[in-house]
Amino acid sequence: MDSPPHSPQDSQPVVAEEAPREPILTLPLALTAYILLLALIHLRVLLPPELENWTIDVFGFIPKRYDSSLLNLQIPGGAGAKVCTFVTYSLLHANLTHLGFNVLWLLPFGSALARRFGAVRFFLFLAVTAAAGALAHLVTHEHAVAPMIGASASVSGAMAAAIRFAFVRGSFLSFSRSDADTAAKVPALPLSRALRDGRVVGFLAVWFGVNIIFGVGAIGIDSETTSVAWQAHIGGFFAGLLLFALFDPVPRVRSDDAADASSRDVSDRI
């Protein structure tokens, strides 16, 4: 028996349309602007050495500025530097490696935080955590003359803030990740509940381990030595962890739902 005739349309192959793929890492405008600002400021390394050193002395954070026992010590910047350097030090970096490490850490966590907070809250948060890092450095290095520079206090603060919601179902570090905007705006866990989450505790252990072993972050510079100002990391980190709720525009998850918000992400995989 002859097979039935086919129309021309029947012989055409059917091609399934692929859904558009979201890039693995998309950067919100606020974070992109911040990274570009850091890169532009880093072009100061092209200045003559004397002018570059002057820039670090004026805008870097120098604990000795606040030491009233040495009133005759002349530090560039004057009284204004005593205020602005609590933040401006975080915009300077020693070299491309220093800048690159901070940007690398910032990409996933800062991206989620910038989407969640919006530009104004995001920049203000970076400034507050930078100031907290400077304060921690000042308390532990009261008489230090070497300028401290680097964005790692702010980066550490962003990482600490992000883990308040990073592991919640649908967020950017969960197994059931949503699109970038949705993932960044899931309700955050209460701090007490977050600190009982094994994944958060594990992240904290890794973060402290990396900082202790590799010393990635803010750097103190003088003519003879380069050292890691790890106290600034801790100051920024705890500021981000504790002050997150003051900046967060997303309504809190209820306490009785907190366990489900974090545990369903794992139970669905069993």
Side-chain angles (χ1 to χ4, degrees), residues 33-103 105-106 122-158 211-212 214-240 243:
Y34 180 67
I35 293 174
L36 288 176
L37 177 63
L38 295 180
L40 288 173
I41 290 176
H42 191 65
L43 292 178
R44 71 165 214 291
V45 298
L46 302 178
L47 297 173
E50 297 80 8
L51 189 52
E52 183 189 356
N53 291 336
W54 178 86
T55 302
I56 293 176
D57 287 340
V58 171
F59 297 103
F61 187 79
I62 304 176
K64 205 68 172 181
R65 290 188 203 275
Y66 312 92
D67 188 350
S68 60
S69 63
L70 291 177
L71 296 178
N72 294 326
L73 182 64
Q74 297 297 321
I75 300 178
K82 289 186 176 183
V83 177
C84 71
T85 56
F86 270 89
V87 174
T88 57
Y89 83 93
S90 67
L91 303 176
L92 301 170
H93 289 83
N95 48 50
L96 283 176
T97 300
H98 186 206
L99 175 61
F101 268 124
N102 278 331
V103 169
W105 281 106
L106 190 61
F122 179 65
F123 292 135
L124 183 58
F125 179 84
L126 293 178
V128 169
T129 50
L135 181 60
H137 184 70
L138 175 61
V139 170
T140 54
H141 296 76
E142 182 180 0
H143 304 291
V145 180
M148 180 184 70
I149 60 176
S152 66
S154 296
V155 174
S156 298
N211 278 273
I212 291 172
F214 296 102
V216 177
I219 291 181
I221 299 177
D222 60 26
S223 58
E224 297 179 357
T225 63
T226 300
S227 61
V228 176
W230 57 269
Q231 293 90 343
H233 307 186
I234 295 177
F237 189 89
F238 279 109
L243 300 179

Below 4.5 Å, heavy atoms only, C-beta onward: do Y34 and L91 meet side chain to side chain? yes
Rounded to the nearest 0.5 Å, the CZ atom of F86 sits from the CZ atom of R65 at a distance of 10.5 Å
Between A232 and M148, which heavy-atom pair has the shortest distance, and what is it? CB-SD, 3.7 Å
Distance in Å, F61 CZ paired with L135 CG, rounded so as to fall on 0.5 Å steps: 7.5 Å
CG of L38 to OG of S90, rounded to nearest 0.5 Å, is 7.5 Å
Closest non-hydrogen contact found for A136 with G235 is CB-CA, 3.8 Å
Would a 4.5 Å heavy-atom cut-off, applied to side chains only, mark H141 and H143 as touching? no
Any side-chain heavy atom of T85 within less than 4.5 Å of one from I62? no
Distance (rounded to the nearest 0.5 Å) between L51 CG and I56 CD1: 10.5 Å
Heavy atoms only: give me the nearest A151-N102 pair and the separation to one decimal. N-ND2, 3.5 Å
So do V139 and Q231 actually touch side chain to side chain, heavy atoms under 4.5 Å? no
Rounded to the nearest 0.5 Å, how far apart are CD1 of I41 and CD1 of I149? 11.5 Å
Using a 6.0 Å cut-off, check whether atom CZ of F123 has over 12 heavy atoms from anything other than its own residue. yes
CG of L92 to CZ of R44, rounded to nearest 0.5 Å, is 5.0 Å
For A153 versus A130, what's the shortest heavy-atom pair and its separation? CB-CA, 4.3 Å
Pairwise side-chain contact, P147 with D57, heavy-atom cut-off 4.5 Å (strictly under): yes
Is the number of heavy atoms from other residues, nucleotides or ligands within 6.0 Å of CD (E142) greater than 12? no
Looking only at heavy atoms, what is the nearest atom pair of Y66 and A81, with distance? OH-O, 3.9 Å
Identify the heavy atoms of T129 and G240 that sit nearest to each other, and give their distance. CG2-N, 3.9 Å
Output yes when a side-chain donor or acceptor of T88 lies under 3.5 Å from a complementary backbone atom of F59, and no otherwise. yes
